[in-house]
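Below: the structure, in structure tokens.
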Amino acid sequence: MTWKKIHQLIDWCVIMIFLFFIVTTMLTPSLWEKFTYIAPPFIFLALCVLFLNHISIKSCFQKKEAEFFLMCAGIFLSGINIILIKSNIGAFFTIADFILILYLADKVHFNKIQLGAIGLTSFAVLYYWLFINKEVYGNIVSNPNGASLIIFTNFCVFICCLVYFLHAYKIPGWVFPVAALLILYIVTKRILSLHCRGVLLAIAAWAGTYYVLPKKKYTIPFVIGASLLMPVVYVLLWKSGAVDGILVFGKKIASGRDTIWYNFFNVFIQHPITGIGSNFDVMLPDLYLKEVHHALLDLLFVHGTPVFLIVLYLMYKRIAQVFASSSVPLRAICIASIYGLLTSGSFENHYIVSPYNVLLLTIFIISYAAPAEMPLKEE
């Protein structure tokens, strides 16, 4: 067996682990309860195998690759912080997984069949939640917010895969926006039935990015900054009483996240370097819902400022590369999906946790798979 075949076989083993957790955690609530909490360490092991399969550690040292050393520093610091703050060990896998994903995103290359397998799985999950599972808000076994995140994330992966496989052919330019709008309408209608306001805003961000927002790098700090600033505005509105009594889909605007973010910040400010760890029962004993409900703030509060800054740098670099490396149709759809996930992650931990983080990795891999200079195929 040649090295190329061995290399592909290893990638397939990693992909099968990814797909196992995507299917088990996204289709059946009973399996979700069993596999969600064990996914991070298994995903970590899979990412380590992926790292060794695609990265030469010797070359990283010889070239003094800055991102490699930043990745190592981020993972090492997070481990030290967890020990110092006496955190639960599970938090280490969350941050290590995400840093590895941001490092590997532009260095891992799956072939079309491999990307097609992930895309087909996302389509199957999306199809199930759109057309088979008819549960709606007020009559759903699983969490309606969780179901909405599953739908939206798999929509993002599926639409990126679809454009990836079709972009190289001479398809009229209007086809992609029209097809995307039709699929987005079906997805939006389903999310409306689940009353998930955060994902509806994410859909608006996706559409605004794809159809309106300039596809330029200067939008990256704006989008990340807006995600981080939103909780501040939210808490200030809650404190001022300006949104008291205002209902959206039968729920108050100040529906709990205001208290969560306020309490987390008050504890975090006492541990800005190490973070507060994930032992929330000790650090926030009086808080009822012990979850940050914000992807980036979760990394900041739990793991501290130095680790958080490393994540922000790597995230900026990966998104910036999408603007430079992708063909025009693929660039637009991938940036819309990434910005959409950043928006949905402003209300839930979402894309930093397994298996959503694997789907974010897939979008990055797809975005780098079709260079801007790639010539179009003849029909």
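Computed over heavy atoms, backbone and side chain alike; hydrogens, waters and symmetry mates excluded.
- Looking at Ile269 and Phe265, their side chains come closer than 4.5 Å, going by heavy atoms from C-beta outward.
- Annotation: side chain of Asn88 is in contact with side chain of Asn279 (closest heavy-atom distance under 4.5 Å).
- Here Trp238 and Tyr262 bring their ring centres to under 6.0 angstrom of each other.
- Taking the six-membered ring for Trp, Phe35 and Phe20 have ring centres closer than 6.0 Å.
- You'll find the ring centres of Phe61 and Phe68 inside the 6.0 Å limit.
- Remark: side-chain polar atoms of Thr362 are paired, donor with acceptor, to backbone N or O of Val358 under 3.5 angstrom.
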### Message
Go through it in stages, so that I can follow the logic: the residues are Trp129 and Asn154, the test is side-chain contact (heavy atoms from CB on, under 4.5 Å), and I'd like the CA-CA distance, side-chain angles, deciding distance and then a yes or no.
### Response
CA-CA 10 Å; Trp129 279 103; Asn154 284 283; over 6 Å; no
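- Residues Leu50 and Leu100 have side chains not in contact (no heavy-atom distance under 4.5 Å, counting atoms from C-beta outward).
- The 12-atom threshold is exceeded at OH of Tyr211, counting heavy atoms of other residues, nucleotides or ligands nearer than 6.0 Å.
- With Phe158 as the partner, the ring pair (Phe, Tyr, Trp, His ring centres under 6.0 Å) test is satisfied by one option alone out of Tyr164, Tyr127, Phe165, Phe123: Phe123.
- For Phe264 and Phe268, the gap between ring centers reaches or exceeds 6.0 Å.
- Between the side chains of Thr153 and His350, at least one donor N or O lies within less than 3.5 Å of an accepting N or O.
- Counting heavy atoms of neighbouring residues, nucleotides and ligands inside a 6.0 Å radius, atom NZ of Lys290 exceeds 12 of them.
- Centroid-to-centroid, the aromatic rings of Tyr339 and Tyr210 stay 6.0 Å apart or farther.
- Between the side chains of Asn133 and Tyr128, at least one donor N or O lies within less than 3.5 Å of an accepting N or O.
- Side chains of His54 and Asp11: a donor on one and an acceptor on the other come within 3.5 Å.
- A 4.5 Å side-chain heavy-atom check between Ile95 and Ile75 finds every atom pair outside the cut-off.
- Judged purely by atom type and a 3.5 angstrom limit, Thr219 has no side-chain atom pairing as donor or acceptor with the backbone of Lys215.
- The one candidate from His293, His294, Met230 that meets the side chain to side chain contact (heavy atoms under 4.5 Å, CB included) condition with Phe347 is Met230.
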